[in-house]
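Just so you know, ligand 1 is whichever comes first in the structure, and atom 1 is the first atom listed for that ligand. Owing to the predicted nature of the structure, the values given are computational and were not obtained by experimental measurement.
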Amino acid sequence: MKIYAHRGVASLYPENTMVAFQEAARLKCNGIELDVQLSKDGVPVVIHDETLERTTNGTGWIKDYSYDELRLFNASYTFGEKFGHCPIPTLEEVCSFVSRTSLTLNIELKNEIVPYPTLEEKVYDLIHSYKIKDQVVVSSFNHESLKHFHTIANDVKTAVLTEKPIDNIVEYIQDIGATGYHPNFTIITKDLMDMLNTYEIAVRPYTVNDPQVMQNLSNWGVEAVITDYPQLILS
Ligand code: G3P
Ligand code: CA
């Protein structure tokens with residue numbers, strides 16, 4: 001079973017920052033997961049919330065700031081002075097970093113609340129520019145967006161992200177053109193795993209932070225877990 005560091009190593013480092021992604025590589029995680037949105041001037045930026053308050057010293061919506069403005073906010077704000085100033089990364093910085101590693105990059109299109117037209121095209125352009133298509137899996141809770149991404153980039157793997165069970169899940173995944181399924185770990189059962197494995201659908205549940213749960217999921221044949229605590233397993 002592979003280990004993906006959720007938002008970087010989010011239990012120890014400021015989430016979705018370069019230091020968190022670098023720590024994931026140092027720990028020898030198999031992959032990293034991140035969230036991408038667009039700045040006001042259309043730059044793909046790596047941050048989870050649509051607003052700045054929880055993870056930075058800024059206020060307001062990501063969509064209302066240019067990237068030059070966003071870069072001034074400190075994404076390690078909640079960690080005090082421990083990591084100094086950590087800017088909100090661009091997706092380009094992360095793609096460049098990943099291209100120099102063997103990490104898998106799980107890019108979550110964070111576009112359920114703010115639609116961000118052209119996000120899919122911009123993400124694909126970066127994957128293409130950095131020649132990392134074989135290292136990437138794109139996921140989203142916005143399944144229309146995922147379908148659109150697949151139509152413009154059918155050479156990049158996609159995965160259906162969901163918190164709740166979906167009826168006829170195999171057909172649903174295949175209709176989107178996805179090859180993976182990223183469910184909340186609480187909705188997985190052994191029977192479901194047996195069926196998904198029969199259809200060779202790669203299952204990578206989130207956010208699995210309990211080692212005993214990781215062990216059970218491993219026994220059931222998940223391909224990877226997305227976790228805030230990769231250090232627990234990898235140490
Ligand atoms: O991609 C898995 C997981 O990150 C989805 O939930 O809210 O942490 O982005 P969230
Ligand atoms: Ca995410």
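With respect to atom 5 (C) of ligand 1, the closest heavy atom belonging to the protein is E108 OE1, 3.6 Å. Remark: minimum distance from atom 1 (O) of ligand 1 to any protein heavy atom is reached at E33 OE2, 2.8 Å. Nearest to atom 8 (O) of ligand 1 among the protein's heavy atoms is R7 NH2, 2.7 Å. The protein non-hydrogen atom at the shortest distance from atom 10 (P) of ligand 1 is H48 NE2, 3.3 Å.
A donor-acceptor pair shorter than 3.5 Å can be found between the side chains of T227 and N209. The closest side-chain donor-acceptor pair between T55 and E15, if any, does not fall under 3.5 angstrom. At a cut-off of 3.5 Å, with distance as the only test, a side-chain donor of S145 or N111 sits close to an acceptor on the other residue.
Of the heavy atoms in H6, only side-chain atoms (C-beta onward) come closer than 4.0 Å to ligand 1. Under 4.0 angstrom from ligand 1, the non-hydrogen atoms of L161 all belong to its side chain.
Using the six-membered ring where Trp is involved, Y206 and F141 have ring planes that are perpendicular, over 60° apart on the 30 and 60° scheme.
Put simply, the angle at the Ca ion (ligand 2) from OE1 in E108 to OE2 in E33 is close to 100°, to the nearest 10°.
Y229 has its ring centre no less than 6.0 Å from the ring centre of H6.
A heavy-atom distance below 4.5 Å is found between the side chains of L105 and I132. Contact check for Q231 versus L12: side-chain heavy atoms found under the 4.5 Å cut-off.
Hydrophobic clustering (ILVMFWY, side-chain heavy atoms < 4.5 Å, transitive): V94 and Y4 are in distinct clusters.
Each of the following atoms of ligand 1 lies closer than 4.0 Å to a heavy atom of D35: 9 (O). For ligand 1, the atoms sitting less than 4.0 Å from at least one non-hydrogen atom of F141 are 5 (C), 6 (O), numbered in the order shown with element in parentheses.
For D35, the N, O or S atom closest to the Ca ion (ligand 2) goes by the atom name OD1.
Residue contacts with ligand 1: T207 is placed with no nitrogen or oxygen under 3.5 Å of a nitrogen or oxygen of the ligand (distance criterion only). Inclusion of S139 in the set of residues having an N or O under 3.5 Å from an N or O of ligand 1 is not warranted.
Residue K110 places a heavy atom under 4.0 Å from ligand 1.
Residue Y77 comes nearest to N57 through the heavy atom pair CD1-CB, 3.5 Å, listed as atom of the first residue, atom of the second, then distance.
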